[in-house]
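In what follows, a structure is listed as structure tokens, so that the remarks can point back to it.
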Amino acid sequence: MTYPRIVHFLRQGKPDQLVTVQGWIRTKRELKGFTFLEVSDGSSLQGLQVVIDLEIVQLVDSVRKCHTGASITVSGVLATSPGKEQSIELKAQSLIIHGESDPGSYPLQKKRHSFEFLRTIGHLRPRTNTYGAVFRVRNACAWAVHQFFQEQGFLWIHTPIITASDCEGSGEMFTVTNFNLGQIPKNPNGSVDYSQDFFGRPAYLTVSGQLQAEILAMAFTNVYTFGPTFRAENSNTSRHLAEFWMIEPEMAFCDLEGNMDLAEAFLKYVFKVVLTNCSADMEFFDARIDNSVLAVADNIINNEFQRLTYTDAIALLQKADRQFEYPVEWGLDLQSEHERYLAEDLFKRPTIVTDYPTQIKAFYMRLNEDGKTVRAMDVLVPRVGEIIGGSQREERLEVLEKRINEHGLSMNQYWWYLDLRRYGTVPHAGFGLGFERLVQFITGMANIRDVIPFPRAPETIEF
RNA sequence: UCCUCGGUAGCUCAGUGGUAGAGCGGUCGACUGUUAAUCGAUUGGUCGUAGGUUCGAAUCCUACCCGGGGAGCCA
């Protein structure tokens, strides 16, 4: 049997209402005549205070077994609470303990724990205030992503997780194989004989669904992916995961301006939904995690994003009255310190840098008239840095072929990608957004490993 | 992968060559309806691992393992 969730009673519960709730004990406070339990079922940051009058004899034995972490079902009547921290509470009449929790060994205490420690107990950390708030906000974000695109007529498409395209670009790929790793078939020259493997050729976990998304955009006009993505890069940072979720819209009949408009509208939309649906959680982040969370949200929703070209950005960086560790020179990629200066210090708002030099961007980005830059865009935000990377795609067959050659890539690997330019090509554009970075940005959480329930990173796969 | 800081009680940390500590937690007790409850008592250790220097090492040296922060790569 399913009872209404605790959040329902906190919002709409009426005094004298007879109710039953189920959840896990967060804290227990004992006095001579009363015991107070705070019970959470994950539906809200705030738990329900359960008051147990120890004069109700049949409850005394149960109460003795109640400790932090135990799972219970409580029935009783709601009452207006005389306490300051809550407006309503539950006066218990019956109490069932489903699973006890030994207070001597249960690792979660009433005090504040470090995130490093909580990462070592990934199976219990969702029961804490912070991770509860994070995963509720993460859920709201995911829901907002779908709602945003669906309202705009985008088709949600599922691009493959296993792929053969060893495409140029993002970092190392994980190999997918069915070989017995102790006995890998070899060719006479010593190389691996992939013809005997499951797919008959090398296969990998996807690093991006973009190329396949372009296929579907050429049939459905506006599409988006939202699914897992994998990078085998040995990155040990607070912004990288080996397995993360990426959102990649792709739009036919769209140029870079349309792409930027979409990215900006998208971020504003998600922030608005989260502020509306998770207001208590967002206030918690602002109070306990990073006191700029609400100000940043307000800044995103109410300001136009700054847009400028890479060339202009270089000029501004060269004029900055500040020493950078890395050189600023046209043709070199922007470093983290440069991006942070632009978004955090100079403009103090999300900043979109466009039209990067050809040589530092991918082959599929559309070449500008100047022949030196491509229609790329990076959206830079305070704290997190690059949250979105995108471009208008090269839709001209002969230009694309030339660029594939220049990048030293093999033409026959991209035969179907090139076909899209042979048959009904159109200007199109899209971007990729790291979902965990979005959640990081919204919540103010410093480490990306704390915004995904089960982080995957080098040496990190326990849970 | 590189740089850097760190690893001491269940947790957060102090201890820089001479008898292993505090706060929190747990346990026991007290207590006007408490809410990081409060008060009193008490419990708790392979000082990351393996070597080395020394009369003596948590402390100094070497190697390795693990974690944080920064960088690169990127989303």
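Throughout, protein chains are lettered first and strands after them, A, B, ... in sequence-line order, and every chain is numbered starting at 1.
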Q | Integer angstrom distance from the C1' of B:U38 to that of B:C47 | A | 34 Å

Q. If you measure from the P atom in B:A41 to the same atom in B:A50, how many Å do you get, rounded?
A. 38 Å

Look through every strand shown and name the nucleotide pairing with [N] as Watson-Crick or G-U wobble, where both distances are under 3.5 Å.
{"N": "B:A30", "value": "B:U38"}
{"N": "B:C74", "value": "none"}
{"N": "B:A22", "value": "B:U12"}
{"N": "B:U4", "value": "B:G68"}
{"N": "B:C60", "value": "B:G52"}

(Q) Could you go through A:F9 and A:I88, starting from their C-alpha distance and side-chain angles, then the distance that decides it, and tell me whether this counts as side-chain contact (heavy atoms from CB on, under 4.5 Å)? (A) CA-CA 8 Å; A:F9 296 123; A:I88 202 148; 5.7 Å; no

Q.
Across nucleotides 63-71 of chain B, 5' to 3', mark each nucleotide with B, S or - according to how protein heavy atoms within less than 4.0 Å reach it.
A. ---SSSSBB

(Q) Let's test your reading of the model: under 3.5 Å, does the base of B:G10 pair with the side chain of A:K110 as donor and acceptor? (A) no

Q.
Need one value for A:E38: base, sugar-phosphate or nothing, where a base atom within 4.0 Å counts as base even if backbone is also close, heavy atoms only.
A. nothing

Q.
Taking the ring of A:Y204 and the ring of A:F174, is the distance between their centroids below 6.0 Å?
A. no

Q: Measure centre to centre between the rings of A:Y417 and A:Y364, then say whether the value is under 6.0 Å.
A: no

Q. Between A:K32 and B:C31, is there a side-chain N or O to OP1/OP2 distance below 4.0 Å?
A. yes

Q. How are the rings of A:F154 and A:F149 set to each other: parallel, tilted or perpendicular (split at 30° and 60°)?
A. tilted

Q: Kindly state each residue pair satisfying salt bridge (charged side-chain N to carboxylate O under 4.0 Å, His left out) with at least one member in residues 328-352 of chain A, sequence neighbours excluded.
A: A:R322-A:D345

Q | Flag, side chain of A:Q440 to backbone of A:S238, donor-acceptor distance under 3.5 Å | A | yes

Q) When you measure from the side chain of A:H113, which nucleotide among B:U27, B:C11, B:U34 comes out closest? A) B:C11

